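Computed from a predicted structure; not experimentally measured. Only heavy atoms go into these numbers, but all of them, side chains included; no hydrogens, no water, no symmetry mates.
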Amino acid sequence: MSGTPPQPATGWPAARSIADAADARAGVVTRQATADELDGVLARFEATWGEGRGPDRSMLQAIAHAGGTLLVAVPHEHAEVAGILGAALGFLGWAGGLHLHSHMNAVDPAARGRGIGLALKLRQRAICLEHGIDEIRWTYDPLIRRNAHMNLVRLGAEVVAYRPDFYGRLGDRITGADRSDRFEVRWRLDSSRTARALARRPQPAWSAEGGLALDADFERLRADAPADAARLRERSREAFAALAGRALRPELDAAGDYVFTNDDPDRETE
């Protein structure tokens, strides 16, 4: 490709400070993975999704060598434990505009609840803005409420597409035999919506033209009551498919359920 490379966004020093603060709260340091950490990154991904369910070591080597966003979260230097507590992988794409696609984000189960996944996302944001990339996209299972809250409320990403059976049959440690339905989200890194989310300002009360109630813990429901989980999946497929062509997108309400709205995604609380 020719032309002038993207220039750093004016807000990238502030983004780096936000990422540093998230690291401090989580008790980790997030940064690019080094060559001698690739085996540990691969082990973290396989511990989450299962052996052979992610990139192999040669792919990680190529991504790291090219300067891709292969990130790790490691304990800070004074911690009593060592090792890779979290890892994230992203790559550049240009379908619909230049962006980073954040494909994998894994955290050691023993370290969950500390904000390590959030810290990795915020480090991705800082790195992207430093390199003139102002958008990150990724997919998530729309029925997992904690992920929906993280993505839409805590980070300020917004749903841009519903992708039924996006990955085909996964059969991995997380999804099992369930369908791989996904929402694709766009995180506009310097938007007022993102600024509102990162500052922890309240969301608006979204106007609603329908919605979908979520289970509080769909992963547990899928394990303990698979028939109930399958019925919720089918209801969600009907509800989300009906959004196509209606200029509506899902948001979360105060109860943590989806509402379908055409409000400006950047609006503030009135």
Side-chain angles (χ1 to χ4, degrees), residues 18 22 25 102 105 107 112-115 117-119 121-122 125 135-164 166 174-175 178-225 228-270:
I18 290 172
R25 288 192 298 271
S102 181
N105 192 327
V107 175
R112 288 177 187 166
R114 291 170 42 182
L118 173 66
K121 278 283 195 246
L122 293 174
R125 174 176 180 261
E135 185 173 307
I136 299 178
R137 302 179 201 167
W138 62 92
T139 66
Y140 78 95
D141 185 333
L143 297 188
I144 300 179
R145 178 182 274 173
R146 60 183 174 83
N147 287 350
H149 184 271
M150 166 71 82
N151 296 333
L152 306 186
V153 178
R154 185 65 184 88
L155 293 174
E158 63 202 86
V159 176
V160 294
Y162 170 53
R163 309 283 187 195
F166 184 59
I174 294 176
T175 307
D178 193 10
R179 295 177 182 270
S180 63
D181 295 352
R182 295 293 184 267
F183 275 162
E184 182 178 2
V185 298
R186 173 180 64 179
W187 193 19
R188 293 176 290 123
L189 303 181
D190 252 351
S191 68
S192 57
R193 177 186 175 96
T194 295
R196 180 191 71 216
L198 297 185
R200 307 299 293 270
R201 297 198 299 273
Q203 289 197 112
W206 305 107
S207 64
E209 297 185 32
L212 179 74
L214 294 177
D215 188 85
D217 189 344
F218 181 74
E219 291 167 297
R220 181 177 293 277
L221 182 72
R222 186 162 55 190
D224 295 347
D228 291 341
R231 281 190 287 269
L232 178 54
R233 179 70 71 188
E234 289 305 315
R235 290 199 301 275
S236 76
R237 290 169 70 85
E238 294 176 6
F240 300 149
L243 297 179
R246 295 181 59 199
L248 296 173
R249 73 178 186 283
E251 297 280 4
L252 286 186
D253 64 14
D257 294 321
Y258 286 120
V259 294
F260 305 149
T261 183
N262 61 4
D263 289 350
D264 181 349
D266 290 309
R267 64 173 281 218
E268 294 281 352
T269 302
E270 296 176 353

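The heavy-atom pair separating R237 from P164 by the smallest distance is NH1-CB, 4.1 Å. L155 and N151 get closest at one heavy-atom pair: CB-O, 3.7 Å. Scanning both residues, I136 and S102, for their nearest heavy atoms gives CG2-CB, 3.8 Å. Closest non-hydrogen pair, D266 versus S192, comes out as CB-OG, 3.3 Å. Between S236 and L143 the shortest heavy-atom distance is CB-CD2, 3.6 Å. Nearest heavy atoms, A229 versus R222: CB-CA, 3.6 Å.
Looking at L152 and V159, their side chains come closer than 4.5 Å, going by heavy atoms from C-beta outward. You'll find the side chain of W187 stays beyond 4.5 Å of the side chain of E135, heavy atoms only. At a threshold of 4.5 Å between non-hydrogen side-chain atoms, the residues R145 and D215 do not count as touching. Looking at R233 and F218, their side chains come closer than 4.5 Å, going by heavy atoms from C-beta outward. You'll find the side chain of V259 stays beyond 4.5 Å of the side chain of E209, heavy atoms only.
In this structure, R146 does not pair ionically with D217, as no charged nitrogen and carboxylate oxygen lie closer than 4.0 Å. Taking the charged nitrogens against the carboxylate oxygens, E158 and R267 have no contact shorter than 4.0 Å, which rules out a salt bridge. Ionic pairing of D141 and R179 is not present here: no N-O contact between side-chain nitrogen and carboxylate oxygen is shorter than 4.0 angstrom.
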Which is it for H149 and I144 under the side-chain contact (heavy atoms from CB on, under 4.5 Å) test, yes or no, and what are the steps along the way? CA-CA 9 Å; H149 184 271; I144 300 179; over 6 Å; no
Intermediate values then yes/no, salt bridge (charged side-chain N to carboxylate O under 4.0 Å, His left out), R231 and E238: CA-CA 11 Å; R231 281 190 287 269; E238 294 176 6; over 6 Å; no
Go through the steps for F183 and Y258 under the test ring pair (Phe, Tyr, Trp, His ring centres under 6.0 Å), then give the verdict. CA-CA 12 Å; F183 275 162; Y258 286 120; 5.6 Å; yes
side-chain contact (heavy atoms from CB on, under 4.5 Å) assessment of V107 paired with R114: CA-CA 10 Å; V107 175; R114 291 170 42 182; over 6 Å; no
Using side-chain contact (heavy atoms from CB on, under 4.5 Å), reason through F240 and D181 one step at a time and then give a plain yes or no. CA-CA 10 Å; F240 300 149; D181 295 352; over 6 Å; no
side-chain contact (heavy atoms from CB on, under 4.5 Å) between L232 and D228: does it pass, once the steps are laid out? CA-CA 6 Å; L232 178 54; D228 291 341; over 6 Å; no
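Side chain of D257 to main chain of L214: a donor-acceptor pair is present (N/O by atom type, distance under 3.5 Å, no hydrogens or angles). Checking side-chain atoms of D263 against main-chain N and O of W206 turns up no donor-acceptor pair under 3.5 Å. Looking at S207, its side chain never comes within 3.5 Å of a backbone N or O of T261 through a donor-acceptor pair. In this structure, R249 contributes its side chain and F260 its backbone to no donor-acceptor pair below 3.5 Å. At least one donor-acceptor pair closer than 3.5 Å links the side chain of T194 to the backbone N or O of R188. Checking side-chain atoms of R137 against main-chain N and O of R186 turns up no donor-acceptor pair under 3.5 Å. The backbone N or O of R196 lies less than 3.5 Å from no partner atom in the side chain of E268, so there is not a single donor-acceptor pair.
The environment of CZ in R201 is crowded: more than 12 heavy-atom neighbours from other residues, nucleotides or ligands sit within 6.0 Å. Taking a 6.0 Å sphere around CZ of R112, one finds it holds more than 12 heavy atoms contributed by other residues, nucleotides or ligands.
Summarising the geometry, atom CD belonging to Q203 is positioned 9.0 Å from atom CG belonging to D253; distances are rounded to the nearest 0.5 Å.
Figure legend: cation-pi geometry between R182 and W138 absent, as NZ or CZ is not positioned both under 6.0 Å from the six-membered ring centre and within 45° of its axis.
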